[in-house]
Trainee: 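I'd like to ask some things about the structure below.
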Amino acid sequence: MPTLKFAVLPGDYIGPEVMTEALRVLEHAASAAGHALDYQIADIGGAGIDRHGQALPDATLALCREADAILFGSVGGPKWEKLPPAAQPERAALLPLRKAFNLFANIRPGLLYPELAEASPLKPARIPRGIDLVCIRELTGGIYFGRPKTTLTLENGERQACDTMVYRTGEIERVAAVAAATARARARRVCSVDKANVLETSVLWRETVTAWFAEKHPDIALTHMYVDNAAMQLVRDPGQFDVLFTENMFGDILSDEMASVCGSLGMMASASLGTAGNRHGKPFGLYEPAGGTAPDIAGRGIANPCAQILSAALMLRHSFGLDALAAKIEAAVRKTVTQDGIRTADIAFGRPPAGTRAMADAIIKNL
Ligand code: NAD
């Protein structure tokens, strides 16, 4: 059985707390399946700034380059808030990592078990079966990275700023492949979101996606939706979506809306896949909870470890090709939270809450 080699970057505040538990779950699941884990832990974010003077220390980046995937916690918090924007842990650690590994496709499951319907701001009648969709977002193109990007003063004294939205067909097709692979493992339905009634990039997006799916995956049901409508439909009837597929800025906004509709950040995992393949013939990827460092609850042993554990499951699936093992962890989390009713404070709704460690213990038992 091959060894699973990955870099572990816990980060700040609750990052190390939930990472410790995710590693215990991973160790347990992997060893039961005969896989050896080979990982090293390194500083990132505020911890990197405090100990090495760099949010992304050189040694941490070198460790990541040696690995087949990165299991990431989260970075930042009040301790580093006064630093200039460019030196803030999130910007100075995560963005360079995305760039270094060309992490072009973000996969965010929007999963709300029916038993946790109370966590959603939506009325229970709108989500009778909970929520289960996946958002695929292009992550390295579009308006966040397009050039020119300028601010200048006009002759009349007004200031004018400009961002540029750019997409090439190759960029669209490679992320379409991720959406198709995701849909293939689910209900084979993709809703591609754009603003093709206004934007040139969206016209290209729609034409490219349509042609690409028709050629490569004619059996996948592809639909299109304008982004303003998608934002409404997500709160009106999230159950209509299976795979929601979109460009960078639209995905930034819609995936956060999706997270909010799904309730607790403590349950939300994510994966960002790179262009390079790893030693397992799978994409190199970075796997992290969708939430942040939760400084308000850090150090008390009450953070929900599920998002980190589910991110580790995504790593097994996408970067190591261990789909069955990933599904086993996902099932254990589900059983713990739903049938066993073991819940951390963020999803307890009046039940006696379990701590971070107790939740992970219960998940391990269910493995
Ligand atoms: P946050 O996601 O950390 O917290 C929002 C709320 O959700 C808080 O009430 C928090 O307690 C709760 N929450 C989040 N994760 C939880 C968990 N696992 N269990 C239980 N409750 C959980 O967002 P924020 O407060 O806006 O940000 C805090 C810090 O995290 C900021 O410095 C921000 O920049 C950083 N951040 C980092 C990342 C990242 O590293 N990718 C992402 C988002 C925010």
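For clarity, every value in this text was computed on a predicted model and none was experimentally measured. Side chains included, hydrogens not; waters and symmetry mates left out as well; all remaining heavy atoms used. Counting starts at 1 for both ligands and their atoms, in listed order.
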Trainee: Among all the protein's heavy atoms, is there at least one whose distance to atom 27 (O) of ligand 1 comes out below 4.0 Å?
Mentor: no

Trainee: Return yes or no for this condition: an N or O of G77 is under 3.5 Å from an N or O of ligand 1.
Mentor: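 Looking only at distances, the answer is yes, because the N/O contact criterion of under 3.5 Å is met.
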
Trainee: Give a yes or no on whether a salt bridge exists between R24 and E27, defined as a side-chain N under 4.0 angstrom from a carboxylate O.
Mentor: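 Salt bridge between R24 and E27, a charged N being under 4.0 Å from a carboxylate O: no.
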
Trainee: Measure N304 to ligand 1 on non-hydrogen atoms and call it side chain, backbone, both or neither using the 4.0 Å cut-off.
Mentor: both

Trainee: Between D346 and ligand 1, which part of the residue brings a heavy atom under 4.0 Å of the ligand: side chain, backbone, both or neither?
Mentor: side chain

Trainee: How far is atom 29 (C) of ligand 1 from its nearest protein heavy atom, and which residue and atom is that?
Mentor: T293 OG1, 3.1 Å

Trainee: Give the atoms of ligand 1, by number and element, whose distance to some non-hydrogen atom of G292 is under 4.0 Å.
Mentor: 1 (P), 2 (O), 3 (O), 30 (O), 36 (N), 37 (C), 38 (C), 42 (C), 43 (C), 44 (C)

Trainee: Considering only protein heavy atoms, which is closest to atom 25 (O) of ligand 1, and at what distance to one decimal place?
Mentor: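 It is P295 CD, 4.3 Å.
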
Trainee: Under 3.5 Å, is there a donor on one side chain and an acceptor on the other for S202 and Y226?
Mentor: no

Trainee: Could you identify the single nearest non-hydrogen protein atom to atom 21 (N) of ligand 1 and state the distance to 0.1 Å?
Mentor: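 It is I297 CD1, 3.6 Å.
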
Trainee: Any chance you could lay out the ring pair (Phe, Tyr, Trp, His ring centres under 6.0 Å) test for W205 and F245, step after step, and finish with the verdict?
Mentor: CA-CA 11 Å; W205 180 277; F245 168 47; 5.0 Å; yes

Trainee: Check whether NZ of the Lys or CZ of the Arg R137 lies under 6.0 Å from the centre of the six-membered ring of F104 and within 45 degrees of that ring's axis.
Mentor: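 No - R137 does not lie over the ring of F104 by the 6.0 Å and 45° rule.
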
Trainee: I want to confirm something. Looking only at heavy atoms, which of I44, D256, D296, V18 is nearest to atom 11 (O) of ligand 1?
Mentor: D296

Trainee: Does the protein put a heavy atom less than 4.0 Å from atom 9 (O) of ligand 1?
Mentor: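 Flag for atom 9 (O) of ligand 1 set to true, protein heavy atom closer than 4.0 Å.
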
Trainee: With a heavy-atom distance limit of 4.0 Å, tell me whether I302 approaches ligand 1 through its side chain, its backbone, both, or neither.
Mentor: neither

Trainee: Do other residues, nucleotides or ligands put more than 12 heavy atoms under 6.0 Å from the CD atom of Q40?
Mentor: no

Trainee: Would you kindly say whether Y167 and E138 are connected by a side-chain donor-acceptor distance under 3.5 Å?
Mentor: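 A pair is found: one side chain offers a donor N or O, the other an acceptor, under 3.5 Å apart.
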
Trainee: Can you list the ligand 1 atoms lying under 4.0 Å from a non-hydrogen atom of I14?
Mentor: 17 (C), 18 (N)

Trainee: For atom 38 (C) of ligand 1, what is the nearest protein heavy atom, given as residue, atom name and distance?
Mentor: E90 OE2, 3.5 Å

Trainee: Tell me whether K5 is salt-bridged to D68, with the criterion being a basic N under 4.0 Å from an acidic carboxylate O.
Mentor: no

Trainee: For V75 and ligand 1, does the shortest N/O to N/O distance drop below 3.5 Å?
Mentor: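 N/O-N/O distance below 3.5 Å exists for this pair.
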
Trainee: Indicate whether the side chain of T169 and that of E171 have a donor and an acceptor atom separated by less than 3.5 Å.
Mentor: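 Distance-only check fails for T169 and E171.
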
Trainee: Would you tell me whether W80 and D50 have side-chain atoms, one donor and one acceptor, within less than 3.5 Å of each other?
Mentor: yes

Trainee: For ligand 1, does P305 get within less than 4.0 Å through its side chain, its backbone, both, or neither, judged by non-hydrogen atoms?
Mentor: neither

Trainee: When you measure from atom 3 (O) of ligand 1 to each heavy atom in P89, A294, A307, which option holds the nearest one?
Mentor: A294

Trainee: Mind listing the closest non-hydrogen atom pair of A269 and L314 along with its distance?
Mentor: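 The answer is CB-CD1, 3.9 Å.
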
Trainee: Of all the atoms in ligand 1, which lie at a distance below 4.0 Å from a heavy atom belonging to E288?
Mentor: 41 (N)

Trainee: For ligand 1, which atoms have a heavy atom of S74 less than 4.0 angstrom away?
Mentor: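 It comes down to these atoms of ligand 1: 39 (C), 40 (O).
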
Trainee: Can you tell me which residue and heavy atom of the protein come closest to atom 7 (O) of ligand 1, and the distance to 0.1 Å?
Mentor: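 In this structure, atom 7 (O) of ligand 1 has L265 CD1, 3.8 Å as its nearest protein heavy atom.
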
Trainee: Return yes if a side-chain donor-acceptor contact under 3.5 Å exists between T3 and D38, otherwise no.
Mentor: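 No donor-acceptor contact under 3.5 Å links the two side chains.
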
Trainee: Provide the closest heavy-atom pair for L133 versus R186 in the form atom of the first, atom of the second, distance.
Mentor: CA-NH2, 3.5 Å

